[in-house]
Amino acid sequence: MSVMLGKSFFNRSAVKVAHDLIGCVLVRRVRGRTRRFLITEVEAYEGPKDLASHASRGKTKRNEIMFGPAGYIYVYFVYGMHWMLNIVTGKKDYPAAVLIRDIEGYSGPARLTKALSITGELNCKLLGKKIGLWIESGMSISSKNILRTPRIGVAYAGPVWSKKLYRFLLKEK
DNA sequence: ACGATGATGAAC
DNA sequence: TTCATCATCGTA
């Protein structure tokens, strides 16, 4: 029984949402075709103090959606070629989001967005059927089958924030 | 190990 | 207006 996840799910700390997203299903509908993917890896970007987060230096044009209400999409462009998919979490004015890093069958946040035709057009949109991108509950995963590690590619965030165990991934069998 | 490739934000 | 940097990936 899958249920579309709504605001109540995402309106919590990014760390909790990230943990709970493991095992959920990312759904993409384009040109009349619906595909479903198991979410296997995510990262939390938690609050204004998180030096790894785009929001750590205050609100800008790019990151302002992170300060918005939960359930909105933050898509941004990096390295001159890659799109990254994030879901905004927590209450309005508290900047936080979860980066979807991997889904079953793919590897890496940029390959994921490429495979699902996710680009900047979806930035600042609300998750849902209207835009053809939403998330459904999946199998419940026990915490002991979820691995926690530091986040990837955030060495610039300093000794404290680069080491936070904000990356969650489904343990291999 | 490194280059691709362009937006972003901070400095000047 | 310039410049270093970047929540990455493919090739070597």
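Residue numbers begin at 1 in each chain, while the letters A, B, ... track the order of the sequences.
- Between the CE atom of A:Met66 and the P atom of C:dA7 there is a distance of 11 Å, given to the nearest Å.
- A salt bridge (charged side-chain N to carboxylate O under 4.0 Å, His left out) with A:Glu43 is found for one member of A:Lys164, A:Arg101, A:Arg151 and no other, namely A:Arg101.
- Put simply, the side chain of A:Leu116 does not reach to within 4.5 Å of the side chain of A:Leu85, judged on heavy atoms.
- Using a 4.5 Å heavy-atom threshold, the side chains of A:Tyr106 and A:Lys114 count as separate.
- As rounded to whole Å, 12 Å separates atom P of B:dT5 from atom NZ of A:Lys114.
- Taking the side chain of A:Pro109 as heavy atoms from C-beta on, and the options B:dG9, C:dC9, B:dG6, the nearest nucleotide is C:dC9.
- Across all strands shown, C:dC6 forms a Watson-Crick or G-U wobble pair, both distances under 3.5 Å, with B:dG6.
- Computed from coordinates, the A:Asn63 CG to B:dG9 P distance equals 6 Å when rounded to whole Å.
- Distance CG (A:Leu85) to P (C:dA7): 15 Å, rounded to an integer number of Å.
- No contact: A:Arg151 has no heavy atom under 4.0 Å from any strand.
- For the pair A:Arg111 and C:dG10, the criterion of a side-chain N or O lying under 4.0 Å from OP1 or OP2 is met.
- The side chain of A:Tyr156 contributes an N or O atom lying less than 4.0 Å from OP1 or OP2 of C:dA7.
- Counting only N and O atoms by type, the side chains of A:Tyr94 and A:Glu46 include a donor and acceptor under 3.5 Å apart.
- The base of C:dA7 is paired with the side chain of A:His54 by a donor and an acceptor separated by under 3.5 Å.
- Listed nucleotides B:dG9, B:dA10, C:dC6 differ in distance to A:Arg62; the shortest reach to its side chain belongs to B:dG9.
- Comparing C:dA4 with B:dG3, their P atoms are spaced 16 Å from each other, to the whole Å.
- Between the base of B:dA4 and the side chain of A:Tyr79 there is no donor-acceptor pair shorter than 3.5 Å.
- Looking at A:Thr34 and A:Val27, their side chains come closer than 4.5 Å, going by heavy atoms from C-beta outward.
- What separates CH2 of A:Trp83 from P of C:dA7 is a distance of 15 Å, to the nearest Å.
- When distances run from any side-chain atom of A:Met81 to the nucleotides B:dA4, C:dC9, C:dA7, the shortest one goes to B:dA4.
- Between B:dC2 and C:dT5, the two P atoms lie 16 Å apart (nearest whole Å).
- Within the 4.5 Å cutoff, the side chain of A:Cys124 has no heavy atoms near those of the A:Ile73 side chain.
- Contact check, A:Arg57 against B:dT8: no side-chain N or O comes under 4.0 Å of OP1 or OP2.
- Atom pair A:Ile73:CD1 and C:dA7:C1' shows a separation of 17 Å (rounding to whole Å applied).
- If you take CZ of A:Phe77 and C1' of B:dG9, they are 17 Å apart, rounded to a whole angstrom.
- Straight-line distance from the NE2 atom of A:His82 to the C1' atom of B:dA4: 8 Å, rounded to whole Å.
- Residue contacts for A:Ala52: at a heavy-atom cut-off of 4.0 Å it reaches a base atom on one of the strands shown.
- Distance from the side chain of A:Leu99 is smallest for C:dA7 among the nucleotides C:dG10, B:dG6, C:dA7.
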